[in-house]
Protein chains: 2
Amino acid sequence: MGNLRNTSQRRVILEELVKLKTHPTANELYEIVRKRIPKISLGTVYRNLELLAESGLIQKLDTAGTQKRFDGMVGDHYHVRCVKCGRVDDLDFPFLNSLNKSASLAGNYKIISHRLEFEGICPECRSQELDGKSYVDHERITG
Amino acid sequence: MGNLRNTSQRRVILEELVKLKTHPTANELYEIVRKRIPKISLGTVYRNLELLAESGLIQKLDTAGTQKRFDGMVGDHYHVRCVKCGRVDDLDFPFLNSLNKSASLAGNYKIISHRLEFEGICPECRSQELDGKSYVDHERITG
DNA sequence: TATTAAAATAGTAACAGTTACTATTAATGG
DNA sequence: CCATTAATAGTAACTGTTACTATTTTAATA
Ligand SMILES: [Mn+2]
Ligand SMILES: [Mn+2]
Ligand SMILES: [Zn+2]
Ligand SMILES: [Zn+2]
C-alpha cells in the first residue's frame with residue numbers, strides 16, 4: 001500500500017477516528033489521542049490526518065466556512081451541520097450519482113465530484129430552542 | 001431598511017462586487033476597490049462584506065476548505081470550483097427545492113438549507129492540462 | 001542481531017485569513 | 001449648525017494550519 005510506516009501515533013489516530021461517529025476537528029482528535037499518547041504533538045495529528053486522507057483510509061471534510069473535520073467513514077455520504085453548535089452528522093440519504101453528469105451539461109467545467117451539505121438544527125439545540133421559546137411565552141403571559 | 005449608513009466605502013464595495021461575475025475573496029475585492037478609494041482599509045472591506053451579507057444585499061460563499069468568497073447575485077444557485085486554480089463559477093443548474101424535505105426525513109435535524117458545490121477543472125486549466133499531456137506524449141514519442 | 005538510510009516525531013516558529021481594538025472622521029436627524 | 005453615534009483607517013491580536021529542525025524511530029538489509 002502507501003509507504004506509510006506503522007507508528008503508534010498514526011495507528012492510534014486512525015483507531016480513535018474510526019471509533020467516532022462525530023466528525024472531529026484536528027484539535028478535537030488531538031485531545032482524544034492525547035489520553036493514550038500524552039506527548040503527541042498537534043502537528044503530528046495534522047500531518048497524519050492529511051496523509052491518511054491522501055491514502056484513502058479516512059476522509060477530509062472541508063465543511064463550509066469552518067475548520068476542517070475528519071471522517072473515519074470513507075464511502076460516499078452526505079452530512080448535515082448544526083448551525084447552532086457546529087456539530088456534523090451523517091445523513092442516511094441516497095447518493096446522487098447523476099448530479100455530476102447534469103452539472104457537466106450546465107457549464108463548461110470537467111466535473112470531478114460534488115459536495116452536498118445540509119444546514120439545520122440538531123435535536124439537542126432544537127430542544128433548547130423550544131425550551132427558550134416556552135420560557136419567553138411564559139414570561140410574556142405572566143408578565 | 002437596515003440601519004446602515006450610506007458611506008462611499010460601502011457603496012463602492014457593493015458596486016464593484018455586483019459588477020463581477022467572479023466570486024472574489026475579501027482581499028481580491030479590496031484590491032479592486034482600492035483603485036477607487038486608495039486609502040480604504042482591508043478591515044473595512046471585511047466588515048462591510050459581512051454587513052452586506054447579513055442584510056441580504058450580497059451572498060457569502062463559504063466554499064469548502066478555502067477562504068470565503070462573496071457573490072453579488074443573491075438568488076439561489078449552485079457553484080463549481082476549479083480544483084487547479086480555485087476559481088468559482090456559477091452553474092446554470094435548476095435549484096433542487098425537494099432536497100431539504102428529503103433530508104429532513106433522512107435524519108432528525110430541522111433542515112434549514114443546503115449547499116451543493118461541484119468540483120471540477122475549468123476550461124482554462126483544462127486546456128493547459130491537455131497541452132501538458134500532448135507535450136509528454138511528444139516527449140515519449142520523440143525521446 | 002547490528003547497521004544503516006529514510007521517515008516520522010516533538011516542539012516550536014511562521015504563516016494566512018480574519019477579527020478586534022482604538023482614536024479619529026463622517027453621516028444622519030433634529 | 002450641532003450632537004449623536006456609526007463607520008473608518010491603521011494596527012494589533014487571534015485562530016487554524018503549515019513549515020522547520022534537531023532528534024528519535026522504523027524497517028530493510030547484511
Ligand atoms: Mn460522515
Ligand atoms: Mn454565484
Ligand atoms: Zn446543535
Ligand atoms: Zn482553473
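What you see below is based on every heavy atom in this structure, not just the backbone, and it leaves out hydrogens, waters and symmetry mates. A note on names: the letters A, B, ... follow the listed sequences, proteins ahead of strands, and every chain is numbered from 1.
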**Message:** If you compare every side-chain N and O of A:Asn48 against the phosphate oxygens of C:dT9 (OP1, OP2), does one of them come in below 4.0 Å?
**Reply:** yes

**Message:** Rounded to whole Å, please give me the gap between CZ in A:Arg47 and C1' in D:dT17.
**Reply:** 13 Å

**Message:** Side chains of A:Ile58 and A:Ile13, heavy atoms from C-beta outward: is any pair under 4.5 Å?
**Reply:** no

**Any B:Asn6 side-chain heavy atom under 4.5 Å of B:Arg11 side chain** = yes

**Asked** What integer distance in Å separates A:Tyr30:OH from D:dT15:P?
**Response** 16 Å

**Item:** Integer-rounded Å distance: C:dT19 P and A:Gln67 CD
**Value:** 13 Å

**Out of C:dT9, C:dG11, C:dT19, whichever nucleotide has its closest atom nearest the side chain of B:Tyr46** = C:dT19

**Item:** Minimum side-chain heavy-atom gap B:Tyr78-B:Val80 below 4.5 Å
**Value:** no

**Asked** How do B:Ala26 and A:Ser41 order along DNA chain C: which one's closest nucleotide is nearer the 5' end?
**Response** A:Ser41

**Prompt:** Under 4.0 Å between a side-chain N or O of B:Lys68 and OP1 or OP2 of C:dA16?
**Reply:** no

**Asked** Side chain of B:Lys39: nearest nucleotide among D:dG10, C:dT9, C:dA10?
**Response** D:dG10

**Prompt:** In whole Å, what is the span from the CG atom of B:Leu49 to the P atom of C:dT19?
**Reply:** 10 Å

**Message:** Return whichever of B:Arg10 or B:Gly43 has its heavy-atom-nearest nucleotide of DNA chain D closer to the 5' end.
**Reply:** B:Arg10

**Message:** Given 3.5 Å as the limit, does a donor-acceptor pair link the side chain of A:Tyr109 with the main chain of A:Ala103, or not?
**Reply:** no

**Message:** So, using side chain to side chain donor-acceptor pair (under 3.5 Å) as the criterion, who are the partners of A:Asn100 when residues are at least two apart?
**Reply:** A:His114

**Message:** Could you walk me through whether A:Arg69 and A:Arg81 satisfy the side-chain contact (heavy atoms from CB on, under 4.5 Å) test, starting with their C-alpha distance in whole Å, then the side-chain angles of each, then the deciding distance to 0.1 Å, before giving a yes or no?
**Reply:** CA-CA 11 Å; A:Arg69 291 180 174 272; A:Arg81 183 170 45 83; 5.8 Å; no

**Prompt:** What string of B, S and - do you get for nucleotides 23-30 of chain C 5' to 3' if you count protein non-hydrogen atoms under 4.0 Å?
**Reply:** ---BBS--

**Asked** A:Ile37 has an atom CD1; how far is it from atom P of C:dA10, in whole Å?
**Response** 8 Å

**Asked** Is a side-chain donor-acceptor pair under 3.5 Å present for B:Asp89 with B:His79?
**Response** no

**Asked** B:Glu54 has an atom CD; how far is it from atom P of D:dA7, in whole Å?
**Response** 11 Å

**Item:** Rounded distance (Å) that lies between atom P of C:dT9 and atom CZ of A:Arg34
**Value:** 17 Å

**Request:** Could you tell me the separation between the CG atom of A:Leu29 and the P atom of D:dT17, rounded to a whole number of Å?
**Result:** 13 Å

